[in-house]
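Here's the structure we're looking at; comments come further down.
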Amino acid sequence: DWSSDVCSSDLMQKFPVKKGLSSAEELHIEFSEYIDVLMGHINPPIADGVDTLFEVSSTYLARAKEIEIKLLERERASKIDTSDELKKFRTGELRSFIELCKSAQNQGSRRITVALSELNLKDA
C-alpha cells in the first residue's frame, strides 16, 4: 500500500514526512534526501534553532522505524525470499540509516544540553 500522502500532526511531528511503504528504489530516494539533510548537504525542512538537529533526526528516525515495522510485518505475513529487494533494504540501508539517525539525535540532544547550560550560566 504505497501512499504519497503526507502525514502531518501538529502534536507529534514539527514537519510532514511520507507515509506508507513503497518500492526499495523509492525508499532509497526518500532516505537519500534525509541523509543529505542530516549530513548538512541541503537545508533541513524546519529551522528550529538549537532544536533543529534533534527534531529532524527524531522525525526521520520515527519514519525509519515505521518502515522497519511494516517490512517486518510483511516478512512475518508471507514467505519472503532472501533476494527480495525490500528485505535487502531493511537489513542494509535502513539499518544503517537508523544508526545515523540515532547518532544525529544524540548530537542534537547534546547541543540542546550545552545551550541550556550556557543559558543557565548567563542567568546566574
Side-chain angles (χ1 to χ4, degrees):
D1 282 29
W2 167 249
S3 171
S4 63
D5 294 344
V6 177
C7 179
S8 177
S9 171
D10 292 334
L11 299 174
M12 299 301 294
Q13 305 295 348
K14 290 192 174 187
F15 62 94
V17 290
K18 289 185 178 180
K19 72 178 204 176
L21 190 57
S22 59
S23 71
E25 184 57 32
E26 288 169 323
L27 290 171
H28 168 78
I29 292 166
E30 177 185 351
F31 284 88
S32 291
E33 182 179 324
Y34 299 162
I35 291 167
D36 282 343
V37 170
L38 291 175
M39 298 303 295
H41 302 305
I42 61 175
N43 290 330
I46 59 170
D48 206 10
V50 73
D51 293 342
T52 301
L53 181 59
F54 184 81
E55 291 292 341
V56 170
S57 60
S58 294
T59 299
Y60 290 169
L61 179 59
R63 173 65 175 142
K65 295 305 268 182
E66 174 194 29
I67 299 268
E68 182 180 47
I69 289 166
K70 290 186 178 300
L71 291 174
L72 289 169
E73 288 172 347
R74 177 180 170 268
E75 290 173 26
R76 179 183 46 82
S78 60
K79 185 173 174 144
I80 303 294
D81 189 79
T82 56
S83 65
D84 180 80
E85 289 298 311
L86 285 170
K87 182 170 181 141
K88 286 181 178 180
F89 180 83
R90 181 184 65 77
T91 59
E93 290 172 75
L94 183 60
R95 190 173 289 165
S96 293
F97 180 72
I98 287 170
E99 291 306 312
L100 176 63
C101 286
K102 288 178 181 178
S103 294
Q105 191 179 44
N106 287 335
Q107 183 179 6
S109 178
R110 285 191 302 274
R111 287 180 182 176
I112 292 168
T113 300
V114 168
L116 288 173
S117 296
E118 290 171 352
L119 185 62
N120 288 336
L121 287 174
K122 287 179 185 176
D123 290 343

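Computed from a prediction, not measured in an experiment: that's the story for all the values here.
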Quiz prompt | From CA spacing to verdict: side-chain contact (heavy atoms from CB on, under 4.5 Å), L21, L27 | solution = CA-CA 8 Å; L21 190 57; L27 290 171; 3.9 Å; yes
Show the atom names and distances, to 0.1 Å, of all donor-acceptor pairs under 3.5 Å that link a side chain in residues 34-44 to residues at least two apart or in another chain.
residue	atom	partner	partner atom	Å
Y34	OH	E30	OE2	2.7

Quiz prompt | Residue list, salt bridge (Lys or Arg N to Asp or Glu O under 4.0 Å) with K70, at least two apart or on another chain | solution = none
Quiz item: Does one hydrophobic cluster hold both L94 and V17, with members joined at side-chain heavy-atom distances below 4.5 Å?
Solution: yes
Practice problem: Determine the minimum heavy-atom distance between I67 and G20, stating which atoms define it. | Solution: CD1-O, 3.7 Å
Quiz item: salt bridge (Lys or Arg N to Asp or Glu O under 4.0 Å) with E66: which residues, sequence neighbours excluded?
Solution: R63
Quiz item: Does L53 belong to the same Ile/Leu/Val/Met/Phe/Trp/Tyr cluster as F15, with side-chain heavy atoms less than 4.5 Å apart forming each link?
Solution: yes
Practice problem: Rounded to the nearest 0.5 Å, what's the gap from CG on L119 to CD1 on I112? Could you check? | Solution: 13.0 Å
Can you list, pair by pair, the side-chain donor-acceptor contacts under 3.5 Å of residues 98-111, counting residues two or more places apart and other chains?
residue	atom	partner	partner atom	Å
S103	OG	E99	O	3.2
Q105	NE2	S58	OG	2.7
N106	ND2	K102	O	3.3

Quiz prompt | Qualifying ring pair (Phe, Tyr, Trp, His ring centres under 6.0 Å) pairs with a residue from residues 67-117, counting only residues at least two apart or across chains | solution = F31-F89, F31-F97
Quiz prompt | Note, E33 side chain near I29 side chain (heavy atom, < 4.5 Å) | solution = no
Quiz item: Distance from L61 atom CG to E68 atom CD, nearest 0.5 Å?
Solution: 9.5 Å
Quiz item: When you measure from the side chain of E26 to the backbone N and O of S23, does any donor-acceptor pair fall under 3.5 Å?
Solution: yes
Quiz prompt | Same apolar cluster: F54 and L116, side chain cutoff 4.5 Å | solution = yes
Quiz prompt | Residue pairs fulfilling side-chain hydrogen bond (donor to acceptor under 3.5 Å, both in side chains) with at least one residue in residues 78-93, sequence neighbours excluded | solution = H28-E93, R74-D84, E75-R90, D81-S83
